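Step one of this worksheet: look at the structure below.
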Amino acid sequence: MTAMFQILVIAALFTAAAAKASLHEICTSSFVRAALPAKSIVSGVTINALSVETTLVANASFSSSSYPSATLDYCNVTFAYSHDNIPGDVVHVTYWLPSARQFQNRYVSTGGGGLAINSGKSAIPSGVIAGAVSGITDGGFGNFNTMWNKVFLQKEGVINWQATRMFGFQAHHELATLGKQFARNIYNVTDNRKVYSYYQGCSEGGREGWSQVQRFADQFDGAAIGAPAIRYGQQQVNHLVGNIIEQTMGYFPPLCELEKIATLTIAACDGLDGRVDGIVSRSDLCKLHFNINTTIGTSYRCEASSGASFPFPGGLPGGLPNGPLPRSHTRRQFPPQNPTPAQSGTVTAEGVAVVSAFLNGLFDSQGRRAYISWQHGTIFDDAKTAYNANTHKWGVSINGLGGEWAARFLQLKDTSSLESLNGLTYDTLKEWMVLGMDRYGDTLQTTYPNLTEFRSAGGKVLHFHGEQDNSIPTAASVRYYESVRTTMYPGQTFNQSVAALDGFYRLFLVPGAGHCGSNSAQPGSPWPQTTLQTVIDWVEKGSAPETLTAKGKIDTICRWPLRPMWSVNGTVLNCEYHQPSLDSWVYELDAYDVPVY
Ligand SMILES: *[C@@H]1O[C@H](CO)[C@@H](O)[C@H](O)[C@H]1NC(C)=O
Ligand SMILES: *[C@@H]1O[C@H](CO)[C@@H](O)[C@H](O)[C@H]1NC(C)=O
Ligand SMILES: *[C@@H]1O[C@H](CO)[C@@H](O)[C@H](O)[C@H]1NC(C)=O
Ligand SMILES: *[C@@H]1O[C@H](CO)[C@@H](O)[C@H](O)[C@H]1NC(C)=O
Ligand SMILES: *[C@@H]1O[C@H](CO)[C@@H](O)[C@H](O)[C@H]1NC(C)=O
Ligand SMILES: *[C@@H]1O[C@H](CO)[C@@H](O)[C@H](O)[C@H]1NC(C)=O
Ligand SMILES: *[C@@H]1O[C@H](CO)[C@@H](O)[C@H](O)[C@H]1NC(C)=O
Ligand SMILES: [Ca+2]
């Protein structure tokens, strides 16, 4: 190298270094204030520049089943804004900023779970790991740990519609709109360069993702959406179906009996997918071929437990109902279970009748179907019973999410559950589903099936759902896919419309997986860890995923409507087209007078 050339190289390096501020320089309130989005970005909203707080976090390590492990530095920026027309309104947002060197011209919003609109520190790392500014919102509910139920009622009988709209869709729209412009301003991205923007969330976070894709066509270039809590009016009431079946049939199976029926179903159906690996990859073939009556008379035995969880080792597969939550969100809503005694007996005809009804789903008293059920191979989580140490009997255990939904959100009582299930019938549940759908149709239902504008804007959606989800029925996602398909491509054959959807919307069912994660009742069941990276590659490189990559005993996930089948003694995975299996996923909801998408 000549001396002259060396000087040029050093000068060039120096210029490049000078052009980009270090994370230390960025991570100060004065730097951040100068980069806050202008007022016009979200109309009717004013950012409080004095509220800016910054914290530099160095060498932070992350690991999760939902994003790749990484160690990196980031700047945690929090600020507040208010809606001009609402006195006393304060909404907090947090954005994590990567260093300028790691920033890849991307923005990522992440979502919540259960009744929480964010997942604290557990989902937000995903974005910075992908070189993005990554955001969460508190919805204006008070602080990042305050859930929507805390602010839902202005007083008994009076709904706080502002909070409900914010939870439904508005807060995420504002988070992303502010976040995209904030990213541009911080890193000096010129107007002629694109800042790609993405969404990632599961469960309630999945519903939040669809709420944006359905309403704001050009807001996200890509979304990775897991097990969404959509069709909210039905979904939340559905948590009570197991309780009402047990009450109506007058039999409350001991947990050990439920566990035995689940275990026997898994064992019987494991091999139907062509490989005995402890994973029921084909819940549809299980539904078509397994006669659950064959479990009657099998003996079961469980040790006494102190009562922390369902008796599967390791507790509830896949996290809590409607999504893994940060610890701070979980305390009140999911109290520990009663201790359970040692249990032994044989599987009863009554127990199997309860489970069969549970797997069949909700019908009204006229025999019309009101909702979808869970897949064969599930652990019957929403059918759990409770042991009463005084009476020595098994009885009702009112589902937390379902009970609170009915009492607070439908009956508008300031209480966290129903006092009892007395007098409730299948018809009550159906009426509650109708009430929820009517009242929250434009805020929470989240099933608008026309994605034409999103497709036209170039958006891509990767939608995935555990095959044995124990909280949100897997077929609920299939139904939404079908609603979009038949709404957007009414004149086309099944295969033509699937090919058209493949251009921007792909669905993957994850074999054996539970709710937003692997499933301890089917050890080694996979979960896709790189969904955000996959949708980024689809958007930025045009590489559409034929299959999804997952971690676990199975690393390749077939794309709907193709279904996994192993051949050559379980060594080769094929993705097959099987009409009877597909038909088993489709339900006619004939209990309603209006379309249910
Ligand atoms: C953006 O440009 C301003 C003005 O030139 C500069 O002060 C700032 O450091 C730049 N930001 C980054 C992240 O380099
Ligand atoms: C991060 O870790 C590396 C390697 O351990 C160390 O050299 C560096 O100083 C650390 N950075 C900070 C800001 O602590
Ligand atoms: C961000 O920093 C604030 C302090 O300014 C802290 O209270 C909060 O927990 C941090 N949030 C995240 C998601 O890192
Ligand atoms: C299982 O047993 C119930 C009750 O005897 C009966 O009604 C039902 O038809 C049986 N199912 C099958 C598939 O044999
Ligand atoms: C879907 O939306 C597009 C664009 O707004 C519109 O042209 C089309 O008519 C809609 N389709 C249906 C079935 O409503
Ligand atoms: C639809 O496509 C599948 C392959 O994906 C094929 O097996 C099936 O025969 C096709 N159906 C029709 C009606 O063409
Ligand atoms: C499957 O395994 C059996 C027993 O080991 C063997 O006889 C058979 O040839 C194998 N089949 C194939 C297709 O590899
Ligand atoms: Ca198997």
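Counting starts at 1 for both ligands and their atoms, in listed order. As the structure is a prediction and not an experimental result, all values here were calculated from the model.
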Residue and atom name of the nearest protein heavy atom (relative to atom 2 (O) of ligand 3), distance in Å to one decimal: Asn76 ND2, 2.3 Å
Lys NZ or Arg CZ of Arg33 over Phe79 ring: under 6.0 Å, within 45°: no
No-hydrogen, no-angle side-chain donor-acceptor test under 3.5 Å, Thr263 and Tyr300: no
Polar contact flag, side-chain donor to acceptor under 3.5 angstrom, Ser567-Asn574: yes
For Pro526 against Ala513, the heavy-atom pair lying closest together: O-CB, 3.5 Å
Side chains of Gln247 and Asn243, donor plus acceptor under 3.5 Å: no
Flag: protein heavy atom within less than 4.0 Å of atom 13 (C) of ligand 4: yes
N/O/S from Ile279 sitting under 3.0 Å away from the Ca ion (ligand 8): yes
Ion pair Glu546/Arg559, N-O distance below 4.0 Å: yes
Heavy atoms of other groups near Lys551 NZ, more than 12 under 6.0 Å: no
Heteroatom test (N, O or S) for Gly512 near the Ca ion (ligand 8), limit 3.0 Å: no
Over 12 non-hydrogen atoms of neighbours within 6.0 angstrom of CZ in Arg368: yes
OD1 (Asp273) - the Ca ion (ligand 8) - O (Asp270) angle, nearest 10°: 60°
Residue and atom name of the nearest protein heavy atom (relative to atom 5 (O) of ligand 3), distance in Å to one decimal: Glu53 OE1, 2.6 Å
Nearest-neighbour protein heavy atom for atom 9 (O) of ligand 3, which is reported as residue plus atom name and distance: Lys121 CE, 3.6 Å
Atom of Asp277 closest to the Ca ion (ligand 8), considering N, O or S atoms: OD1
Geometric N/O contact Thr94 with ligand 3, under 3.5 angstrom: no
Option of least heavy-atom distance to atom 3 (C) of ligand 4 (set: Thr294, Val352, Asn293): Asn293
Those atoms of ligand 4 less than 4.0 Å from some heavy atom in Asn291: 12 (C), 13 (C), 14 (O)
Geometric N/O contact Trp96 with ligand 3, under 3.5 angstrom: yes
